[in-house]
Amino acid sequence: MKFNLRTHNNGELRESHIGQRVVLNGWVDTRRDLGGVIFVELRDRFGFTQIVFEPSYNEQTHAEGKALRSEYVISVEGTVRKRPEGTENPAFPTGMVDVLVDRLIILNEAKTPPFAISDNVDASEELRLKYRYLDLRRPKIQKNLILRHKMYQATRRFFDENGFLEVETPVLMKSTPEGARDFLVPSRLHKGKFYALPQSPQQYKQILMVAGFDRYFQIVKCFRDEDLRADRQPEFTQIDVEMSFINQDFVFEMFEKLTKTLYKEVLGVDVQTPFLKLTYDEAMEKYGSDKPDLRFDLEMKTLNDVFGKSEFKVFKDAVESKGVITGLLAPGCGEYTRNQLDVLTDFVKKIGAGGLVWIRVKEDGIEAPVAKFFTDDEKKALVEKLGAKPGDLIFILSGKKYKTLGIMGSLRLEMARRLDMIKDDSEPKLLWVKDFPLFEWDDDTQRYYAMHHPFTSPRTEDILLMDTDPGEVKAQAYDLVLNGNEIAGGSIRIFDSELQGKMFKALGFTEEEAKEKFGFLMNAFQYGAPPHGGIAFGFDRLCMLFSGEKSIREVIAFPKTASAISLMDDSPSLVDDHQLKELHIKVR
RNA sequence: GGGGUCGUAGUUCAGUUUGGUUAGAACGCCUGCCUGUCACGUAGGAGGUCGCGAGUUCGAGCCUCGUCGGCCCCGCCA
């Protein structure tokens, strides 16, 4: 079909164009047929322009315009005109003018869409995902993807300017035993063998360091076959980075700079550096989370010293078993009803707490079902430690250290919500959490697992503990946290074969197993590995937070549902038998 | 793997508590009228597998069981 190329896009025309002859292409957004005159808002990703079909200007085109419907794709020619006095629409940048049409070409008709292509029409997410190509026409989603584009560009500019090289790594790689479940890809050429999709390009980027690339980055898709969340998809995008001849502080500095740059260039916001740094233990004790939200205070206090000699059995057990007693002050909540307190007790029980101790602070002391177990000194010390005032409410949990702190952290977030302390427009709170434990004990398999990954270096001063007390070893691992979201994580790596061997041993790998799984990396390390370390940013999550969305699906063009299905193209799907046969696969 | 919640015109929802006549509303859609609208107005009209399947019942959108799907959370996510 013949049509003229546009002279302008639909967000472009201003009063300065009045009198010009223009060609516009786009989609019919809305049509208002007043009988004698027809107004159409023409839409493309640049904006809206009102075009007018007027019989006195061109009778034939006006008649043709009667046929237009929503989402028709058209090309029009006409003259830019100032809108008559009083009919301007300041809501649109192009609202001072309209285009009098004298030539209309309908490039494509369209079925009535299942939902209006508009920001303020609610359509269920299910429907939006099924018709994602229509959903993506909505200005809001387009705005999100444009922001994402800006993030890509600012990121690449930053790394280029700082001496990083962008290198692509394989998408078909070797399956590794640790960490998330791999997505497997069967090999046709090698019967019974499988590739894995990368959970991250971790080992490749370390090998690039051995190869001397010194500074590497990649904006890369990663795959983890785990269950989804609002901020988690099975395939997602990382800004993956690795550097040689650096230390942890150097990493902090470099990526504070990146974060600052992104805020400035994409949002025009100034953030202060350096960021606050908390150790993992501090973060857990004060906020009950390794990704604390610091937009509000509500700091937890460890009360082991207050109740160190307590006769209250629950507390006594916690102290004796090296557990924790942790307290949270809920200011002004002293009047919470028994029912409200029961709801909160259920809340913590659901996530694993044995129970919840609550205490009302009064003018003349404290009031609580457990008060009779406390000595006067304990009561006094408790109120003092938490800085409690009459009218406040105190919560106490006790039990296994990190688990209990984590539950109190959840309660902290819940109370912040109830007290309306989380303001969406508050300034971004960024911090580093560092000194993560190197290992995590797993009761089911009765062995240690690497909390970060098996290539993470312990703190130098903790290396000796690896043999005697692995649980106490801290890693040179760090997360970057934004408003309670983990947006990046990384570590300084082991670059010494001997220490790596020690690590594998602590994880319970035999030498043969280690060789079989990671041998190529170990081999590479024998040929002169530089000290190195890196970090990876969760790019989708970062885009989500920058655009103020609550789900990463809003910043991914074609996302999966919570059950990892793509509603638009109906994947995953069954495949033909002959495909399976070629791949030597039999479905049970 | 577990918990919560939702599923009714094209869409968003009401109706389910207490089973009972022809399942409603708004928007959208279609047709007529309308020359300055921008949530156009106006008159009329069409449009339903109450997610699906069993069961209880004289009778099920409503009750029971199962199942499928969306969303959120726990586990999981080096």
Side-chain angles (χ1 to χ4, degrees), chain A residues 29-41 48-57 59 62 66 69-71 81 83-92 94-95 98 100 111-118 120-131 134 176-182 198-200 202-203 222-234 236 346-347 349-352 406-407 410 413-414 436-440 442 444 448-456 475 477 486 489-491 503 507 517-518 536 538 550-551 553 560-563 565 567 570:
Chain A
D29 194 69
T30 52
R31 168 188 65 110
R32 290 180 290 275
D33 185 350
L34 274 61
V37 61
I38 303 168
F39 297 98
V40 165
E41 274 168 38
F48 299 85
T49 302
Q50 176 165 281
I51 60 176
V52 188
F53 297 81
E54 217 176 86
S56 64
Y57 179 69
E59 199 169 347
H62 173 260
K66 290 263 174 199
R69 293 294 181 272
S70 287
E71 300 310 313
R81 189 187 52 174
R83 291 196 191 186
E85 185 91 25
T87 65
E88 303 90 348
N89 186 349
F92 293 104
T94 60
D98 50 31
L100 266 178
K111 287 169 73 174
T112 302
F115 52 85
I117 311 301
S118 160
N120 44 29
V121 171
D122 281 336
S124 72
E125 194 166 0
E126 192 172 357
L127 202 67
R128 290 176 54 206
L129 291 178
K130 183 170 178 191
Y131 296 93
L134 298 179
T176 49
E178 297 286 281
R181 287 186 196 91
D182 282 326
Q199 298 174 24
S200 89
Q202 184 60 37
Q203 290 156 66
C222 301
F223 306 86
R224 292 174 192 176
D225 189 7
E226 297 292 347
D227 289 350
L228 293 83
R229 290 285 186 280
D231 62 353
R232 239 165 59 190
Q233 293 262 311
F236 60 100
D346 278 349
F347 175 82
K349 275 186 174 170
K350 263 188 194 149
I351 50 180
I407 294 167
S410 299
L413 285 177
E414 177 62 21
F436 278 80
L438 186 64
F439 299 108
E440 214 170 10
D442 180 63
D444 291 339
Y448 282 105
Y449 281 84
M451 192 158 178
H452 190 55
H453 57 56
F455 318 112
T456 302
E486 179 195 332
S491 64
M503 182 73 183
L507 293 173
K517 302 298 182 191
F518 307 107
K550 299 235 181 311
S551 160
R553 290 186 297 274
K560 304 262 188 294
T561 68
S563 59
I565 285 169
L567 293 175
D570 194 31

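Chain letters run A, B, ... following the sequence lines, proteins first and then strands; every chain starts at 1.
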Taking [atom1] from [X] and [atom2] from [N], how many angstroms apart are they, rounded to a whole number?
{"X": "Glu178(A)", "N": "C77(B)", "atom1": "CD", "atom2": "C1'", "answer": "14 Å"}
{"X": "Phe236(A)", "N": "C76(B)", "atom1": "CZ", "atom2": "C1'", "answer": "14 Å"}
{"X": "Leu127(A)", "N": "G51(B)", "atom1": "CG", "atom2": "P", "answer": "16 Å"}
{"X": "His62(A)", "N": "C34(B)", "atom1": "NE2", "atom2": "P", "answer": "10 Å"}
{"X": "His453(A)", "N": "C77(B)", "atom1": "NE2", "atom2": "P", "answer": "15 Å"}
{"X": "Lys130(A)", "N": "G51(B)", "atom1": "NZ", "atom2": "C1'", "answer": "12 Å"}
{"X": "Glu71(A)", "N": "G28(B)", "atom1": "CD", "atom2": "P", "answer": "14 Å"}
{"X": "Asp346(A)", "N": "C74(B)", "atom1": "CG", "atom2": "C1'", "answer": "15 Å"}

[N] to [M] separation - [atom1] atoms, rounded to the nearest Å:
{"N": "G51(B)", "M": "U5(B)", "atom1": "C1'", "answer": "16 Å"}
{"N": "A26(B)", "M": "C34(B)", "atom1": "C1'", "answer": "24 Å"}
{"N": "U12(B)", "M": "G2(B)", "atom1": "C1'", "answer": "32 Å"}
{"N": "A23(B)", "M": "G61(B)", "atom1": "C1'", "answer": "8 Å"}
{"N": "U11(B)", "M": "C50(B)", "atom1": "C1'", "answer": "16 Å"}
{"N": "C13(B)", "M": "C71(B)", "atom1": "P", "answer": "15 Å"}
{"N": "C74(B)", "M": "A60(B)", "atom1": "C1'", "answer": "36 Å"}
{"N": "U8(B)", "M": "C62(B)", "atom1": "P", "answer": "13 Å"}

Query raised in the report: Between Arg181(A) and Arg224(A), is any pair of side-chain heavy atoms under 4.5 Å apart?
Result: no

Query raised in the report: Quick one: on RNA chain B, does Arg69(A) or Pro55(A) contact a more 5' nucleotide (nearest heavy atom)?
Result: Arg69(A)

Requested in this report: Report the residue (Arg224(A) or Pro114(A)) whose heavy-atom-nearest nucleotide on RNA chain B is the more 5′ of the two.
Outcome: Pro114(A)

Query raised in the report: Looking at the rings of Phe455(A) and Phe518(A), which for Trp means the six-membered one, are their centres under 6.0 Å apart?
Result: yes

By salt bridge (Lys or Arg N to Asp or Glu O under 4.0 Å), which residues pair with [X], not counting sequence neighbours?
{"X": "Glu178(A)", "value": "Arg447(A)"}
{"X": "Lys349(A)", "value": "none"}
{"X": "Glu71(A)", "value": "Arg43(A), Arg137(A)"}
{"X": "Arg128(A)", "value": "Asp135(A), Glu554(A)"}

**Report entry** Flag for Gln199(A)-Asp182(A): side-chain donor and acceptor within less than 3.5 Å
**Finding:** yes

Query - Test item: side-chain donor near acceptor, Glu54(A) and His62(A), under 3.5 Å - result: no

Query raised in the report: Which heavy-atom pair separates Leu228(A) from Ser563(A) by the least distance, and what is that distance?
Result: CD1-C, 4.4 Å

Any-strand Watson-Crick or G-U partner of [N], both distances under 3.5 Å:
{"N": "C58(B)", "value": "G20(B)"}
{"N": "U67(B)", "value": "G51(B)"}
{"N": "U31(B)", "value": "A43(B)"}
{"N": "U12(B)", "value": "A25(B)"}

Report summary line: With B for base contact, S for sugar-phosphate-only contact and - for none (protein heavy atoms under 4.0 Å), nucleotides 36-46 of chain B reads BBB-B------

Report task. Any chance you could list the contact pattern along nucleotides 67-73 of chain B? Use B for base contacts, S for sugar-phosphate-only contacts and - for none, protein heavy atoms under 4.0 Å, 5' to 3'. Result -> --SSSSS

Select base, sugar-phosphate, or nothing to describe what [X] touches, counting heavy atoms under 4.0 Å on all strands.
{"X": "Asp227(A)", "answer": "base"}
{"X": "Pro113(A)", "answer": "nothing"}
{"X": "Ile38(A)", "answer": "nothing"}

Query raised in the report: For Glu41(A) and Arg32(A), what are the C-alpha separation, side-chain angles and deciding distance, and is it a salt bridge (charged side-chain N to carboxylate O under 4.0 Å, His left out)?
Result: CA-CA 9 Å; Glu41(A) 274 168 38; Arg32(A) 290 180 290 275; 3.0 Å; yes

Query raised in the report: Between Ser491(A) and Thr456(A), is there a donor-acceptor pair closer than 3.5 Å when you use the side chain of the first and the backbone of the second?
Result: no

Query raised in the report: Ignoring hydrogens and angles, are the base of C77(B) and the side chain of Arg232(A) linked by a donor-acceptor pair under 3.5 Å?
Result: yes

